[in-house]
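Notes follow once the structure below has been shown.
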Amino acid sequence: MSTTVLPDSERIDPTHTKAPTMSGRPPGRKRKIHWLPYALVAPAILFELLIHIVPMLVGIWISFIQLTKYFIANWGAAPFAGFRNYQVAVDFDQAIGRGVLNSFLITCAFTVLVVGLSWTFGMAAAVALQKPFAGRGLFRTLFLVPYALPMYAGVITWKFMFQRDSGALNHLLVDQLGLFGGEAPFWLIGNNAFVAVVVVAIWKTWPFAFLMLMAGLQSVPNDVYEAASVDGAKPFRQWRSITLPMVRPVNVTLVLVMFLWTFNDFNTPFVLFGSTAQPPAADLLSFHIYNASFITWNFGSGAAMSVLLLLFLLVVTGIYLAVTNRRSVRA
């Protein structure tokens, strides 16, 4: 039996053998840093800082100073106010505090109506268009028109429709249907202003709910509905026992997004009523803060109201996510 002898160059010295590393790299080699992912993310982080973080920090700083029209040219000369702006905003015995509280309550009612009705209309339309039928694509396109239409163009169109003498709404309700005793009501002033802003907000919000819910319903298998129908489940029972549980993840996100959008809605009242003609019945909080800042030129007070609004939305969002996550764990 012969033994093969390796040359000295091919022999392995056991004293120099090292165990392989967990990463599979040869020992002693430095890890290579991949700079491309960081370079791709850097512009997004930079713009996020410039557009959101820096203005938010500046607004928080302004809330602690008495920045009025007398110091607008030199912010550094504005006296330090501490928490005085916050105390004025939450002092409900004074006029400013009562105005903030009244605007907050109006905004809460506005948000509940818009989010609730938008979700209801979106769910009804998504369920109605779930099964194939002739013309379903046409209806889907028509329902998404308010969402695709530029916001300003849509609200300005509603503003013309709400005009008392020449508006299409009064022409239909008063001239054609004979409602309101034949007298055309004002829709953009008085108590009717709240109805007007709610209608416009629902009109531009519910197509988003419809789009999200329609996408969520695509993941529900038809076999589940067929099995429920064989077992004798009626359409409402199918919707309650199958549709709602299956689209619950979509609903959790959808309701939160619509709540944040609606509670912060500034564009709708601004375009509908103008920059200085906000009716008391439709005094939404975002527009109230705008008036406190740019109409009365008290930027310190307006910044304090904005920070309070931010804190309120953070608290509500945190509670909402905690409750929904707990229910998901129990389920």
Side-chain angles (χ1 to χ4, degrees), residues 42-108 110-111 151-152 155-156 159 188-189 193-194 197 201 259-318:
I45 297 177
L46 177 61
F47 281 106
E48 179 69 19
L49 290 173
L50 294 177
I51 296 175
H52 291 101
I53 305 301
V54 173
M56 182 181 67
L57 296 177
V58 172
I60 295 175
W61 171 62
I62 293 176
S63 68
F64 289 101
I65 61 176
Q66 290 289 354
L67 183 59
T68 60
K69 60 182 179 181
Y70 303 106
F71 304 99
I72 194 65
N74 186 9
W75 291 18
F80 182 74
F83 290 96
R84 193 180 310 164
N85 290 325
Y86 293 93
Q87 293 174 355
V88 172
V90 297
D91 187 2
F92 303 137
D93 294 330
Q94 302 297 326
I96 296 179
R98 287 196 300 268
V100 173
L101 178 61
N102 180 69
S103 179
F104 174 76
L105 296 177
I106 292 175
T107 307
C108 288
F110 169 78
T111 303
M151 189 277 301
Y152 282 92
V155 177
I156 290 175
K159 185 174 183 178
L188 299 180
I189 60 176
F194 181 77
V197 72
F259 165 75
L260 295 176
W261 284 357
T262 306
F263 208 94
N264 282 316
D265 193 2
F266 172 81
N267 295 325
T268 301
F270 182 83
V271 178
L272 193 62
F273 304 114
S275 59
T276 58
Q278 182 78 354
D283 186 21
L284 300 183
L285 189 57
S286 59
F287 205 91
H288 187 89
I289 295 174
Y290 168 82
N291 288 332
S293 301
F294 296 95
I295 303 301
T296 63
W297 293 89
N298 193 341
F299 293 97
S301 177
M305 296 177 189
S306 299
V307 174
L308 291 174
L309 174 61
L310 174 63
L311 294 176
F312 170 77
L313 294 178
L314 288 177
V315 170
V316 173
T317 302

Show your working on side-chain contact (heavy atoms from CB on, under 4.5 Å) between D265 and F110 and close with a plain yes or no.
CA-CA 10 Å; D265 193 2; F110 169 78; 4.1 Å; yes
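- Open room surrounds OH on Y70; 12 or fewer heavy atoms of other groups in view lie less than 6.0 Å from it.
- Residue F273 holds its CZ atom at 10.5 Å from CG of D283, rounded to the nearest 0.5 Å.
- Residues I62 and A303 approach most closely at CG2-CB, 3.8 Å, considering heavy atoms.
- For the atom pair N264 CG and F259 CZ, the distance stands at 8.5 Å (nearest 0.5 Å).
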Show the numbers, then the answer: is there a side-chain contact (heavy atoms from CB on, under 4.5 Å) between K159 and L188?
CA-CA 8 Å; K159 185 174 183 178; L188 299 180; 4.1 Å; yes
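- By the 4.5 Å heavy-atom criterion applied to side chains, N85 and Q66 are counted as neighbours.
- Ring pair F287/F270 is tilted by interplanar angle, where 30° to 60° counts as tilted.
- Residue A304 comes nearest to Y86 through the heavy atom pair O-CE2, 3.7 Å, listed as atom of the first residue, atom of the second, then distance.
- Taking CG of L260 as the reference point, atom CG of L314 lies at 9.0 Å (rounded to 0.5 Å).
- Nearest heavy-atom pair, A89 versus M305, reported as atom, atom and distance to 0.1 Å: CB-CG, 4.2 Å.
- I106 has its side chain within reach of L284: a pair of non-hydrogen atoms, C-beta onward, lies under 4.5 Å apart.
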Run the numbers on V100 and V90 for side-chain contact (heavy atoms from CB on, under 4.5 Å), then give the verdict.
CA-CA 8 Å; V100 173; V90 297; over 6 Å; no
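- In this structure, the separation between CG on N267 and OH on Y152 is 4.0 Å, given to the nearest 0.5 Å.
- Residues L310 and M56 approach most closely at CD2-SD, 3.9 Å, considering heavy atoms.
- Here the side chains of V316 and F263 are not in contact, with every heavy-atom distance at 4.5 Å or above.
- Residues F294 and W297 approach most closely at O-NE1, 3.9 Å, considering heavy atoms.
- Atom CG in L67 sits 4.5 Å away from atom CD1 in I72 (nearest 0.5 Å).
- Under a 3.5 Å cut-off, the side chain of T111 and the backbone N or O of T107 do form a donor-acceptor pair.
- Between A292 and G302, the closest heavy-atom pair is CB-CA, 4.4 Å.
- Crowding of F92 atom CZ: a count of heavy atoms from other residues, nucleotides or ligands under 6.0 Å exceeding 12.
- Under a 3.5 Å cut-off, the side chain of S103 and the backbone N or O of L285 do form a donor-acceptor pair.
- Taken from CD1 in I53 to CZ in F47, the straight-line distance is 15.0 Å, to the nearest 0.5 Å.
- Between I289 and L309 there is a side-chain heavy-atom pair separated by less than 4.5 Å.
- V271 places a side-chain heavy atom less than 4.5 Å from the side chain of I156.
- By the 6.0 Å contact criterion, CZ on F80 is enclosed, its count of non-hydrogen atoms from other residues, nucleotides or ligands being greater than 12.
- Within the 4.5 Å cutoff, no side-chain heavy atoms of D91 are placed close to those of I96.
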